[in-house]
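Structure first, then comments.
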2 protein chains.
Amino acid sequence: MPRARTTETADRIRSAALELIAAKGVHQVSLREIAERVGVTKPALYYHFASREELVRSLVQPFIDDVEAVLAPFGPGADARQLLGAYFDVTYRHRDITAMIMREPGILALVDLAAAVGQWRTRMVSMLAGPDPSLAEVVRVQMAIGGLGDCTVVLPGAAGPELREAVLDAVCDLLLIPGPAREP
Amino acid sequence: MPRARTTETADRIRSAALELIAAKGVHQVSLREIAERVGVTKPALYYHFASREELVRSLVQPFIDDVEAVLAPFGPGADARQLLGAYFDVTYRHRDITAMIMREPGILALVDLAAAVGQWRTRMVSMLAGPDPSLAEVVRVQMAIGGLGDCTVVLPGAAGPELREAVLDAVCDLLLIPGPAREP
DNA sequence: GTCTATAACCGGATAGAC
DNA sequence: GTCTATCCGGTTATAGAC
């Protein structure tokens, strides 16, 4: 098994980068630092990532892709609990990335991905609040989406499934949606 | 006369910087290049200017200051020909800087001077178009200010005084102001 | 005190050898 | 895939000439 673990180093670079960025901020971390932590040299990074930007993008991209895949099957009038449940799951799965983005939203602009994120938020709003929502409705949906993401990050102690249910209950209340078959 | 020419080197740096920036753009010029052209080393630049930004600012600042000094005496209802004449003069005096700014307006943002410039343009508009001007009036004044600046730069061949009169005549027409005592 | 230079460090990025 | 070496740009420390 010599060449099977091709991406191993790249992965280690990614995770080192993630840790350091989480600790110090994107602009405060140099490629040298990242390389050192991985135990390689700067140029080695450049073998795996053409630039600093590309490295950061490679951190965020899988999350973006995953969200888009999860959102794809849903359409207008989607069941809120289902849609937001799926969104919770994907957010939770990538909670390290979610946390990074929440700490420094500027990252998205940096790697030219802000538009994508804005788009799926808008899509979710239109699916959940209808085609011509009032401001109040939009606000509630945006709060729901944002708050849901926050919880996956801010409450890392909570086990996934419990957190999931608690968040979805709260979000449905926020959206004035009666919970489904909850026994008293 | 030992210490009289204190700022000489700083001036040479400024003028070298100005030339190179005019030729290649602000962001395309390195301090090394500037230093070389002056015949000193990079660190020598740093003695005179704390940073790249400060160097650029020192290029622009005298112009800003001069404009503000010139504008100060004027108030609401100022005579347009007089005000614009004074503004022409100051623009013409600093036409090298004016040209640089026109080529790359971003420079102002870079050195945090965009606000200042915006302000005196607004001031001139309110002085010349009154407190509650129509859009049409504002447009004419802004065109006058901008066009006047352009002429000092675009027509470097023309001698100052002739250019001045020609520009002022044109500007007064633009502002629908009858020229003062012009014989037929 | 004014001015300048040498040398060095940091960060990003690339070439080329192993 | 990884390194050594190198370049560039910005910046600073230090030392020293005038």
Side-chain angles (χ1 to χ4, degrees), chain A residues 1-61 100 104 106-107 109-113, chain B residues 1-61 100 104 106-107 109-113:
Chain A
M1 52 295 256
R3 72 253 173 272
R5 51 186 66 134
T6 297
T7 59
E8 194 212 340
T9 304
D11 284 344
R12 283 171 53 220
I13 291 171
R14 261 188 287 264
S15 77
L18 196 52
E19 282 177 47
L20 286 168
I21 288 173
K24 311 179 46 177
V26 208
H27 302 293
Q28 280 61 58
V29 177
S30 70
L31 299 186
R32 209 183 98 279
E33 256 177 302
I34 298 171
E36 264 168 21
R37 166 168 299 215
V38 177
V40 296
T41 55
K42 258 200 294 176
L45 287 196
Y46 276 87
Y47 173 79
H48 295 284
F49 304 95
S51 71
R52 174 196 185 74
E53 216 184 298
E54 194 179 298
L55 169 56
V56 175
R57 180 177 289 114
S58 89
L59 254 33
V60 179
Q61 195 68 57
M100 180 179 93
E104 298 181 83
I107 291 177
L110 187 70
V111 296
D112 223 68
L113 250 30
Chain B
M1 52 292 263
R3 72 251 172 276
R5 50 184 68 132
T6 298
T7 58
E8 194 213 337
T9 303
D11 283 344
R12 282 172 53 219
I13 292 171
R14 262 190 286 266
S15 77
L18 195 52
E19 281 177 46
L20 286 167
I21 288 173
K24 310 180 47 177
V26 208
H27 302 293
Q28 280 62 58
V29 177
S30 72
L31 298 187
R32 210 182 97 278
E33 257 176 300
I34 298 171
E36 265 169 20
R37 166 170 296 218
V38 177
V40 297
T41 56
K42 257 202 295 178
L45 288 194
Y46 276 88
Y47 173 79
H48 297 282
F49 305 96
S51 71
R52 174 195 186 75
E53 215 185 297
E54 196 181 295
L55 169 56
V56 175
R57 180 176 289 112
S58 89
L59 254 32
V60 179
Q61 195 69 56
M100 181 179 93
E104 295 182 86
I107 290 179
L110 186 71
V111 296
D112 223 68
L113 250 28

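The sequence lines fix the lettering, A, B, ..., with proteins before strands; numbering per chain opens at 1. Values in this document were obtained by computation on a predicted structure and should not be read as measured data.
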Within the pair [X] and [N], is there a side-chain N or O less than 4.0 Å away from OP1 or OP2?
X	N	answer
A:Tyr47	D:dG1	yes
A:Thr9	D:dT2	yes
A:His48	D:dT2	yes

**OP:** For residues B:Arg57 and B:Asp112, determine if any side-chain heavy atom of one lies less than 4.5 Å from a side-chain heavy atom of the other.
**Re:**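 A side-chain contact under 4.5 Å exists here.
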Subject >> Side-chain heavy-atom pair B:Glu104, B:Ile21 within 4.5 angstrom cut-off >> reply: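 Heavy-atom side-chain distance check passes, below 4.5 Å.
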When the distance from [atom1] of [X] to [atom2] of [N] is rounded to whole Å, what number comes out?
X	N	atom1	atom2	value
A:Arg52	D:dG9	CZ	C1'	15 Å
A:Leu20	C:dG11	CG	C1'	15 Å
B:Glu54	D:dG10	CD	C1'	14 Å
A:Ile13	D:dG1	CD1	C1'	10 Å

**OP:** For DNA chain D, find the residues of residues 28-46 of chain B with a heavy-atom distance under 4.0 Å and give them by number; none if there aren't any.
**Re:**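 Heavy-atom cutoff 4.0 Å gives B:Ser30, B:Leu31, B:Arg32, B:Lys42, B:Pro43, B:Tyr46.
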Original post:
side chain to side chain contact (heavy atoms under 4.5 Å, CB included) with B:Val26: which of B:Leu20, B:Leu110, B:Leu59?
Top reply: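 Single pass found, and it is B:Leu110.
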Original post:
In a check of side-chain hydrogen bond (donor to acceptor under 3.5 Å, both in side chains) between A:Glu33 and each of A:Gln28, A:Lys24, A:Lys42, which one passes?
Top reply: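 Output: one option passes, namely A:Lys24.
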Subject >> Partner of A:Ser58 by side-chain hydrogen bond (donor to acceptor under 3.5 Å, both in side chains), out of A:Arg14, A:Glu53, A:His48 >> reply: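 Checked A:Arg14, A:Glu53, A:His48 against A:Ser58; only one passes side-chain hydrogen bond (donor to acceptor under 3.5 Å, both in side chains): A:Arg14.
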Subject >> Trace of the salt bridge (charged side-chain N to carboxylate O under 4.0 Å, His left out) decision for A:Glu36 with A:Arg32 >> reply: CA-CA 6 Å; A:Glu36 264 168 21; A:Arg32 209 183 98 279; 3.7 Å; yes
